[in-house]
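Please read the structure below before turning to the comments.
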Amino acid sequence: MTLATAAPDGGYEALALNGRGGRAAKQARNKGTARLQSKISRCRVGSRRHRKLAETRRNLKAKTDRRLSDFNHQVTAKANRFIRDLVAEHQREAPAGGQVVARLVVGDVRGIERNTEKRRRASRSTRQQLSQWERGVQERQLAYKTGLPIQYVSEANSSQTCPYCLSRRKVRGRTYVCVNTDCALVPHRDAVGGVNIHTLAVNDGTFVPVSPGTKMRVKYLRAQPGWSSEQRERHGFHPQAQARAGAERRREARSSARNRAIGAVAPADADDAAAPLREALWSTTAEPLPHPVLAGLRPYRPRVTEGRK
């Protein structure tokens, strides 16, 4: 989902919400259902294995429905927050006594999933994505959360038309590059579509060029919070190292085995509890340790290297 609106300073604010999480959930459901259906077809109807596989298929569908429900709610919640924040900014910049009127205009793609197999307008994977697109669910949730009725406008050529010079080109990929060398606009393709939808809504369905000096600020968000591979690796290392060193130890205290041993036996709520052990480990005498818990530990003795080459 991509939203675009005019900012109080005259520029455009665009929000692009990634739908990769929803597509991943649907793809996992489709593959899992196909695998289970292949096994069910080889079973006798009413047998124990048939009932177990059918129950597994129902559980998979229920789990995917819960994932998609959470996904749609997070998408529409972020879109609702974006709309309300922009309306609040316009309200602050409005003159005294003025009132800001907001409209929710959506590109009309109703029926885009119909007759895709007959006309062969898209590939097999794209046709599956179009048929399982939960566009209507998100539109109804967004209308409910914002309290604004949805108005539809034709989005024909909205992602192909440059908002500055009105040049058109067929876009391959997620980045739009204007064919006009004097314009040289290079934004996100969905941001271009959102700005053109806004232009069509303001000008009664007619493309009107935007001033070339108008700023277009695009913000990208994941629909659901997630980690990159590096973040996941760091998160996996941090709890393990913290568990070895103790809850209250700093990062530099986890750099050596000696400090990890101190943190493991010392209470987490007392900073000075490890002081007797630290003194005993670094002392050169063989006196017994004062702490009863540490009585079984041997004192640390530095290695004597005098007279050796």
For the atom pair [atom1] ([X]) and [atom2] ([Y]), what is the distance rounded to the nearest 0.5 Å?
X	Y	atom1	atom2	answer
I40	R35	CD1	CZ	11.5 Å
D108	S158	CG	OG	11.0 Å
Q138	L17	CD	CG	9.0 Å
D190	Y220	CG	OH	9.0 Å
R168	S159	CZ	OG	11.5 Å
N196	C162	CG	SG	8.0 Å

So F207 and T199, side-chain contact (heavy atoms from CB on, under 4.5 Å) or not? Walk me through it.
CA-CA 6 Å; F207 284 102; T199 304; 5.6 Å; no

Are [X] and [Y] close enough that some pair of their side-chain heavy atoms sits under 4.5 Å apart?
X	Y	value
Q160	K170	yes
N80	T76	no
K145	I83	no
E155	V109	yes
P163	L185	yes
L104	P149	no
T175	H188	no
Y164	M216	yes

Sidechain-backbone polar pair: S211 side chain, T214 backbone, donor-acceptor under 3.5 Å
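Such a contact is absent between S211 side chain and T214 backbone.
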
**Report entry** Check: R57 side chain, Q37 main-chain N or O, donor-acceptor pair, under 3.5 Å
**Finding:**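 Between the backbone of Q37 and the side chain of R57 there is no qualifying donor-acceptor contact (under 3.5 Å).
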
Non-hydrogen atoms of [X] and [Y] that approach each other most closely:
X	Y	result
I197	G107	CD1-CA, 4.0 Å
V179	S167	CG2-CB, 3.9 Å
A7	L86	CA-CD1, 4.3 Å
R29	T64	CB-OG1, 3.5 Å
V100	A94	CG2-CB, 4.4 Å
L15	K78	CD2-O, 4.0 Å

(Q) So, using side chain to side chain contact (heavy atoms under 4.5 Å, CB included) as the criterion, who are the partners of H198 when residues are at least two apart? (A)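 Residues passing side chain to side chain contact (heavy atoms under 4.5 Å, CB included) with H198: T5, A6, Y12, V202.
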
Among all residues two or more places apart in sequence or in another chain, which pass the side chain to side chain contact (heavy atoms under 4.5 Å, CB included) test with R42?
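Checked R42 against side chain to side chain contact (heavy atoms under 4.5 Å, CB included); matches are S38, K39.
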
Sequence neighbours excluded and cut-off under 3.5 Å, please list the side-chain donor-acceptor pairs for residues 18-27, or say none.
| unit_1 | atom_1 | unit_2 | atom_2 | d |
| --- | --- | --- | --- | --- |
| N18 | OD1 | R20 | N | 2.7 |
| K26 | NZ | Q132 | O | 2.5 |

For the CZ atom on R174, are there more than 12 heavy atoms of other groups (residues, nucleotides or ligands in this structure) within a distance under 6.0 Å?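 For R174, atom CZ is crowded (more than 12 foreign heavy atoms under 6.0 Å).
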
Under 4.5 Å between side-chain heavy atoms, counting indirect links through other Ile/Leu/Val/Met/Phe/Trp/Tyr residues: same cluster for [X] and [Y] or not?
X	Y	answer
L3	V106	yes
L200	L166	yes
V75	L130	no
V195	V218	yes
F82	L142	yes

Give every residue pair that meets the salt bridge (charged side-chain N to carboxylate O under 4.0 Å, His left out) criterion with at least one member in residues 201-220, sequence neighbours excluded.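 Output for this query lists D9-R217, E13-R217.
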
Considering only residues two or more places apart or on different chains, which pairs with a residue in residues 81-103 satisfy salt bridge (charged side-chain N to carboxylate O under 4.0 Å, His left out)?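 For residues 81-103, and leaving out neighbouring residues, there are no salt bridge (charged side-chain N to carboxylate O under 4.0 Å, His left out) pairs at all.
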
**Message:** If the condition is ring-ring contact (aromatic ring centres under 6.0 Å, His included), which residues does Y144 pass it with, not counting sequence neighbours?
**Reply:**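 ring-ring contact (aromatic ring centres under 6.0 Å, His included) check on Y144 returns nothing, list empty.
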
Practice problem: Answer yes when E139 and R135 have at least one side-chain N-carboxylate O distance shorter than 4.0 Å, and no when they do not. | Solution: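 Result for this pair is yes, salt bridge flagged.
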
- Working for side-chain contact (heavy atoms from CB on, under 4.5 Å), residues H73 and S69: CA-CA 6 Å; H73 277 294; S69 176; 3.7 Å; yes

Any donor-acceptor pair under 3.5 Å linking the side-chain atoms of Q141 with those of N72?
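There is no such pair between these side chains.
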
**Request:** List the steps and the verdict of side-chain contact (heavy atoms from CB on, under 4.5 Å) for R169 and T161.
**Result:** CA-CA 7 Å; R169 65 162 300 175; T161 305; over 6 Å; no

ask   = Can you list the steps and then say if L53 with C43 is a side-chain contact (heavy atoms from CB on, under 4.5 Å)?
value = CA-CA 9 Å; L53 291 174; C43 296; 3.8 Å; yes

Chi angles and distances behind the salt bridge (charged side-chain N to carboxylate O under 4.0 Å, His left out) call for D70, R66:
CA-CA 6 Å; D70 176 72; R66 291 192 298 268; over 6 Å; no

